Structure formats: C-alpha cells, structure tokens
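Keep in mind the model is a prediction, meaning the values are calculated, not measured. Below, chains carry the letters A, B, ... as their sequence lines are ordered, and counting in each starts from 1. Below, all heavy atoms of this structure are taken into account, side chains as well, without hydrogens, waters or symmetry copies.
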Amino acid sequence: METVRRGLEHGVVGRRIDHAEVRHPRAVRRHLAGARDFEALLAGRRVDAALRRGKYLWLPLDSGDALVGHLGMSGQLLLARPDAPYEPHLRVRLAFDDGGDDLRFVDQRTFGGLAVSAGGAALPHSVEHIARDPVDPAFDDEGFVAAIRRRRTGLKRALLDQTLISGVGAIYADEALWRAKLHWARPTETLTRPVARRVLAAVREVLEEAIEAGGTSFDALYVNVNGQSGYFDRSLDVYGREGEPCHRCGAMIRRSRWMNRSAYWCPVCQPAPRKPHP
DNA sequence: CGCGCCTCCTGTGTGC
DNA sequence: TGCACACAGGAGGCGC
C-alpha cells in the first residue's frame, strides 16, 4: 500500500478530476449513498494529497472530503492512458481534466472498494478505527506493548487486528514472528515487556524492508500504479515455504491450518507454547 | 466490550 | 479431458 501511495503522490496529487465512472456497484458498496452520489462528489474536485494508514489510503479533496480506498486482496490502483483499453476487472475509472492518465480501480475479487468520506485531510471517518502502523513516526511503542499484553488471544491474531496495530497482514505477520522466534499461537498475556518489544521491532523491520523492496508480489495482482511487481517475495523466510529448509536452522518449515487460513513457522526456531491460545 | 468465527469473491492449481 | 474442490485473504459484522 505504501508503494501504491507513493505512486499516487506522483501521479494524481494536484490534478483535478473531470468525472468518475462506477462500472461495478460492489466496488463502492461502502459508499452508502450509492454510485451516483459517489460520482457526483468527485466530479470537478482537485486531489490535494495521497495519505495512508495501515492498508487504507485516501486522497483528500479540495471539497473537504476524501476519496478513501482499500485494495482488499486483489485490488489495484493503476495509472493508464484514457484511450488504453479497459481492464477486464475495471470497477471505477477517474478521468482528469488535463487529459492525462486515468486513475483506474481494478479488482478481480472485489474485496476492495472506494468511498468518498467526510473528514478530509486529517483522518477520514471511515479510517478512524484503524491504529497507526509501526512505520508511522507517531506510533506509540509503549502504548502498543501495554495493549498487546492486555489481550487474551493468540499472538498472530493480535498482529492481524488492525485496531491494535495496522499494516500487518498474513505474510508480514508470519515473517515477523519468525524473526522474533515466537510461535503464532503464543498467548499474548504471557508476553513480557521485552518480548513484546521484540515482536514490535520485528514487525517494523519487516515492513520497512518490504517498503524498500517495493512491496511483495506473488503474481500479477500485486502491483504498483504502473502495474509493476515488488521484490520482497524473494526475501521471505517462512511464508509459502512449507517443506523447505529454515534459513536459520535448516529445519523444515511447517504450515498449520489456522482460522481457515495458514500459518507458516519453523518448529525449531519457533517452538509451540505449552499452552497455546486456541 | 472482547473475542472468535463466518462470509464476501473469483482465478488458479491439483487430483481423480 | 473435464469436473470438483481447495486455496488465496482483509475486514465488516454478528453471536456469545
């Protein structure tokens, strides 16, 4: 998302939207007033900035509202020539009054979506419930340490809770836990302060390295605004590596079924807790 | 209120 | 060859 935000900062900030075209209503389902209202609120508005918190990003507009987006699993925000053929899963198209590149929201699985939200440049209302992410200079380290120790849940589940810490999905959670040498089912109430700080340091390190590498890409769905893939997948230590040797100790990486999902971990570096949180 | 779980969606890969 | 099914997963929302 940070990779996409940087692309939008260069690609659309300072430009004026001519019109918006919603091609699939599901893509704006969080805009409760409907697709026509969404389009009306964007027409003629200038984009003033490109901001992000966790996996949400938003474009404050000169109207005081903001265009808020979440890419979900398969969403893409792409810059494309207005005369370029429409992508098969093009959901929303923004055309600009300078005749330059469109901003196109393309989403195969439609888990993502766009909405126009009040709240503008500060924090749109639809993003208020999301915690800061640890790459944010204003992230409160000791506040996080205290909060995660108050939880009564498993460690990976806590890392995926965007109201506690944002920007962490399944991939980065598994990578951070491997670096911190902690098991995904470790009960959060057993974390000492130093161990909780170790978790945070590992998460921050993984996010910073991923941003540096331009994001993580497994296939053509994970791309920047120019449709290019990042390289962090080449740096993964556990995610997607079931049966392959641990880069630290050589043991076979395991995959556990967890929450109808997967958790990847090294059975030697990240031993299971005696009393795992279910 | 905190926590756990279900559901939304569709393209891809695999096994029979 | 073709069908059935598992899998990918962020997060809203609901039930307990």
Taking the six-membered ring of A:F96, is the NZ or CZ of A:R15 close enough (under 6.0 Å from the centre) and on axis enough (within 45°)?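 Cation-pi check for A:R15 and A:F96: passes.
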Find the distance [X]:[atom1] to [N]:[atom2] and express it as a whole number of Å.
X	N	atom1	atom2	answer
A:L155	B:dG4	CG	P	13 Å
A:W184	B:dG4	CH2	C1'	14 Å
A:Q76	B:dC9	CD	P	19 Å
A:I171	C:dG10	CD1	C1'	12 Å

Quantified as the angle between the terminal helix axes (five pairs each), what is the overall bend of the helix from B:dG2-C:dC16 to B:dC16-C:dG2 to 10 degrees?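 Computed from the C1' atoms at both ends, the axes differ by 50°.
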Does A:N260 make a side-chain N or O approach to OP1 or OP2 of B:dC5 shorter than 4.0 Å?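 No, A:N260 has no side-chain N/O under 4.0 Å of OP1/OP2 on B:dC5.
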Less than 4.0 angstrom between a side-chain N/O of A:Y264 and OP1 or OP2 of C:dA8, yes or no?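 Yes.
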Write down the protein N/O and nucleotide N/O pairs, taken from nucleotides 4-6 of chain C, whose separation is under 3.5 Å; answer none if there are no such pairs.
none

Is any side-chain heavy atom of A:E189 closer than 4.5 Å to one of A:R151?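 Counting from C-beta outward, A:R151 and A:E189 never come under 4.5 Å.
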Considering only heavy atoms from C-beta outward, does the side chain of A:R248 approach that of A:K181 to under 4.5 Å?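 In short, these two side chains touch, coming nearer than 4.5 Å.
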What about A:W184 and A:M252, same hydrophobic cluster or not, with Ile/Leu/Val/Met/Phe/Trp/Tyr joined at side-chain heavy-atom distances under 4.5 Å?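 Different clusters.
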If two hydrophobic side chains count as joined below 4.5 Å and joins carry through other members, does A:V13 share a cluster with A:V4?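 A:V13 clusters together with A:V4.
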Name the residue from A:D62, A:D98, A:D48 that meets the salt bridge (Lys or Arg N to Asp or Glu O under 4.0 Å) definition with A:R16.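 Among A:D62, A:D98, A:D48, the one that satisfies the salt bridge (Lys or Arg N to Asp or Glu O under 4.0 Å) with A:R16 is A:D62.
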Going by the salt bridge (Lys or Arg N to Asp or Glu O under 4.0 Å) test, name the single residue among A:R197, A:R193, A:R149 that passes it with A:E142.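 That would be A:R197; it is the only one of A:R197, A:R193, A:R149 passing the salt bridge (Lys or Arg N to Asp or Glu O under 4.0 Å) with A:E142.
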For A:R93 and A:Y86, does a side-chain donor sit closer than 3.5 Å to a side-chain acceptor?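 Side-chain D/A pair, A:R93 to A:Y86: present.
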Taking atom types as modelled and ignoring hydrogens, do the side chains of A:H247 and A:R241 form a donor-acceptor contact shorter than 3.5 angstrom?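 Side chains of A:H247 and A:R241: pair found under 3.5 Å.
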For [X], I'd like to know if atom [atom1] has over 12 heavy atoms of other residues, nucleotides or ligands within 6.0 Å.
X	atom1	result
A:R274	CZ	no
A:E242	CD	yes
A:H19	NE2	yes

Specify whether A:F144 and A:F139 have parallel, tilted or perpendicular ring planes, treating 30° as the upper limit for parallel and 60° as the lower limit for perpendicular.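 The arrangement is tilted - the two ring planes meet at 30° to 60°.
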Would you list the protein and nucleotides 11-15 of chain C atom pairs, both N or O, that sit under 3.5 Å from each other?
residue : atom : partner : partner atom : Å
C:dA11  : OP1  : A:H70   : NE2          : 2.0
C:dA11  : OP2  : A:K55   : NZ           : 3.4
C:dA11  : N6   : A:R261  : NH2          : 3.4
C:dG12  : OP1  : A:Y56   : OH           : 2.4
C:dG12  : OP2  : A:H129  : NE2          : 3.2

A:R255 side-chain proximity, nearest of C:dG10, C:dC7, B:dC5: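 Selected nucleotide: C:dC7.
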Sort me out a list of protein N/O and nucleotides 1-3 of chain B N/O pairs below 3.5 Å, or just none if empty.
residue : atom : partner : partner atom : Å
B:dC3   : OP1  : A:R152  : N            : 2.7
B:dC3   : OP2  : A:R151  : NE           : 3.4

Atom pairs and distances, side-chain donor-acceptor, residues 259-266 of chain A, under 3.5 Å, sequence neighbours left out:
residue : atom : partner : partner atom : Å
A:S262  : OG   : A:R255  : NH1          : 2.8
A:W265  : NE1  : A:S256  : OG           : 2.7

So A:V116 and A:V68, side-chain contact (heavy atoms from CB on, under 4.5 Å) or not? Walk me through it. CA-CA 6 Å; A:V116 177; A:V68 179; over 6 Å; no
Could you walk me through whether A:T3 and A:I211 satisfy the side-chain contact (heavy atoms from CB on, under 4.5 Å) test, starting with their C-alpha distance in whole Å, then the side-chain angles of each, then the deciding distance to 0.1 Å, before giving a yes or no? CA-CA 7 Å; A:T3 302; A:I211 290 168; 5.5 Å; no
Atom pairs, protein N/O to nucleotides 10-14 of chain B N/O, distance under 3.5 Å:
residue : atom : partner : partner atom : Å
B:dG11  : O4'  : A:Q108  : OE1          : 3.2
B:dG11  : O4'  : A:Q108  : NE2          : 3.4

